[in-house]
Protein chains: 2
Amino acid sequence: MVRKTKEEAGLTRQQIVDAARAVFHECGVSRTSLEAVARVAGVTRGAVYWHFKGKAELFLAVREEVFSPLLARSHAILDDERYTDPLDAIEASITDFFKVLDECPTLRQVFEIMMLRCEYVDEFAEVQSEALKPSTDLQVKIERAYLRAAECGSLRAGVEPFAVARDTWAFSSGLLHQLLDVGFENGLKAEVPAMVAAHMALRRKG
Amino acid sequence: MVRKTKEEAGLTRQQIVDAARAVFHECGVSRTSLEAVARVAGVTRGAVYWHFKGKAELFLAVREEVFSPLLARSHAILDDERYTDPLDAIEASITDFFKVLDECPTLRQVFEIMMLRCEYVDEFAEVQSEALKPSTDLQVKIERAYLRAAECGSLRAGVEPFAVARDTWAFSSGLLHQLLDVGFENGLKAEVPAMVAAHMALRRKG
DNA sequence: CTTTACATACATGTATGTATGTATATAATA
DNA sequence: TATTATATACATACATACATGTATGTAAAG
């Protein structure tokens, strides 16, 4: 039995992606051989090369599978009209992000792969620069939220919207890195909600 | 002529370290063969293996050479008694850090290697966890500075010293990552002084 | 005379890409 | 509807290319 139905083929593709995530995370992207991925997935390298051009494309698949829904979530919160105060929307999106990170080990794996177990050279340099754009979109959306906060008067007097937007972005990015650098369970995981609250409180009026 | 004087040997060691930095940066640590390092250094693999146990030890040497003086700088500023307001010392240390980063391409190279061109698995996982301790010391020193600021009344009323300390650390770390992710020259390099000033202004009284 | 500071040579393991084989799902045709 | 043709979904096999570690050689320094 060699030829599978389309459905079955999609399943083995998914198995390969799952295996890749696991092996990337354990061995690092460079030291991961496609043969190891195939073995964990229960197939041979033939199957891997059939579904993906090579390691870079496989890496991309691993990332996209997790990142698209994550970005959508953040955008949805920032666009949610039910938040009267834009600062609440910003805080909610950040809080939600770290909550998902806490609850979803798969997401943590992918972040750890991208931040600690991958070298961005050659093919992977492009892969990464391409991944930067959607994050820029989020950044812009946060900037606009701060602008609206300034207009509606919820922002503390004297603070520049653009400046605090960049500050918030750096804060989030830095917090994420620290959490993963030190090992998620070890670090200041418990302090995150307080840190986010404190961060936002600094720029609220009153 | 094979055997060199001690002085000459120290020089070739340095050449190897310099070559390693360059090749690590260009190819990524994994894809760097010690033969490539040797070639760039103008020696053979024999010399590399003589001076270093292997790639991991060489990587460590590349890092230490640049990081020790950098950490010393930051500590010196934070310990400087001439700053009346601890918040000034904190701001100065951060400003100084990004100034050095701007002025020293070698430092940027090493940071880029560590953050974008190295996979922290196996031997390198230990290498990195070991690198985390000195940064923790800095973190603690910043916490203490914020505590003193609270005591001497320069901190805005209602802000918790520990919370803003963590916020500052996340901010710095995040800013560094962003600068290098996007390519130092492209990004918000020009905005850095303003960002640092805005970050500190948020927690100053008045 | 011994150790240092390398260069050279070798033995081995392992990843990669591609080429080829093959059985079956699926579409085309009659 | 039965048959045929073709493309699919892989497995297998091969050819190549490096990187690594170590062992050994060697000339000069100490």
Side-chain angles (χ1 to χ4, degrees), chain A residues 1-20 22-62 113 117-119 121-124 127, chain B residues 1-20 22-62 113 117-119 121-124 127:
Chain A
M1 71 258 195
V2 178
R3 170 84 196 275
K4 310 278 183 63
T5 176
K6 246 185 182 174
E7 198 181 10
E8 289 172 314
L11 200 119
T12 69
R13 193 198 123 101
Q14 183 62 44
Q15 285 171 345
I16 293 171
V17 171
D18 290 338
V23 184
F24 282 162
H25 187 265
E26 192 193 334
C27 308
V29 175
S30 287
R31 297 185 180 190
T32 292
S33 69
L34 295 186
E35 209 258 314
V37 172
R39 199 184 319 132
V40 171
V43 295
T44 68
R45 272 171 55 236
V48 177
Y49 276 103
W50 172 256
H51 285 284
F52 306 95
K53 276 191 174 182
K55 208 194 276 183
E57 200 176 298
L58 183 51
F59 175 78
L60 201 86
V62 168
I113 292 168
R117 291 163 162 84
C118 178
E119 300 179 4
V121 209
D122 301 331
E123 331 99 71
F124 290 95
V127 162
Chain B
M1 72 260 193
V2 178
R3 170 83 195 276
K4 311 279 184 61
T5 176
K6 246 183 183 174
E7 199 181 11
E8 289 171 315
L11 199 121
T12 68
R13 192 198 124 100
Q14 183 62 43
Q15 285 171 344
I16 292 172
V17 172
D18 290 338
V23 184
F24 282 162
H25 187 266
E26 192 192 334
C27 308
V29 175
S30 288
R31 296 184 179 191
T32 292
S33 70
L34 295 185
E35 209 258 313
V37 172
R39 199 184 318 132
V40 172
V43 295
T44 69
R45 272 170 56 237
V48 177
Y49 276 103
W50 172 255
H51 286 284
F52 306 94
K53 276 191 174 182
K55 207 194 274 183
E57 200 176 299
L58 183 51
F59 175 79
L60 200 85
V62 168
I113 292 168
R117 292 163 162 85
C118 178
E119 300 179 5
V121 210
D122 301 332
E123 330 99 73
F124 290 95
V127 161

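Below, chain A is the first sequence line, B the second, and so on; all start at residue 1. All values below come from the heavy atoms of this structure, side chains included, with hydrogens, waters and symmetry mates left out.
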Is the shortest side-chain N/O distance from B:K4 to OP1 or OP2 of C:dC6 below 4.0 Å?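 Indeed, a polar side-chain atom of B:K4 lies that close.
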
C:dC6 phosphate, OP1 or OP2: any side-chain N/O from B:T12 under 4.0 angstrom?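 Checking B:T12 against C:dC6: at least one side-chain N or O falls below 4.0 Å of OP1 or OP2.
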
From the set [options], return the single nucleotide nearest to any side-chain atom of [X].
X     : options                : result
B:T44 : D:dA9, C:dT8, C:dA15   : C:dT8
B:A9  : C:dC6, C:dT16, D:dC10  : C:dC6
A:R45 : C:dG17, D:dT20, D:dA9  : C:dG17
B:L34 : D:dT20, C:dT16, D:dC10 : D:dT20

Under 3.5 Å, N/O pairs linking protein and nucleotides 1-4 of chain D:
none

Enumerate the salt bridge (charged side-chain N to carboxylate O under 4.0 Å, His left out) contacts for residues 41-57 of chain A, please, sequence neighbours excluded, ordered by first and then second residue.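 Every pair satisfying salt bridge (charged side-chain N to carboxylate O under 4.0 Å, His left out) with a residue in residues 41-57 of chain A: there are none.
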
Checking the side chain of B:E26 only, and the main-chain atoms of B:V23 only, is there a donor and an acceptor separated by less than 3.5 Å?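 Absent.
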
Verify, without hydrogens or angle tests, whether A:E119 (side chain) and B:V29 (backbone) share a donor-acceptor contact under 3.5 angstrom.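 Present.
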
Give, ordered by number, those residues of residues 47-55 of chain A having at least one heavy-atom distance below 4.0 Å to an atom of DNA chain D; if nothing qualifies, reply none.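 Contacting residues: A:A47, A:W50, A:H51.
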
Measuring only between side-chain heavy atoms, which start at C-beta, is B:T12 closer than 4.5 Å to B:E8?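 No. Closest side-chain heavy atoms not under 4.5 Å.
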
Closer to the 5' end of DNA chain D via nearest nucleotide, is it B:E7 or A:T5?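 Residue closer to the 5' terminus by nearest nucleotide: A:T5.
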
Results of side chain to side chain contact (heavy atoms under 4.5 Å, CB included) for A:R39 - residues two or more places apart only: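 For A:R39 the side chain to side chain contact (heavy atoms under 4.5 Å, CB included) partners, ignoring immediate neighbours, are A:E35, A:A36.
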
Could I get the full list of ring-ring contact (aromatic ring centres under 6.0 Å, His included) partners for B:F52, not counting sequence neighbours?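 Checked B:F52 against ring-ring contact (aromatic ring centres under 6.0 Å, His included); zero matches.
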
Among all residues two or more places apart in sequence or in another chain, which pass the side chain to side chain donor-acceptor pair (under 3.5 Å) test with A:D18?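 A:D18 satisfies side chain to side chain donor-acceptor pair (under 3.5 Å) with A:Q14, A:R21 only.
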
Side chain to side chain contact (heavy atoms under 4.5 Å, CB included) evaluation trace for A:I16 with A:V40: CA-CA 8 Å; A:I16 293 171; A:V40 171; over 6 Å; no

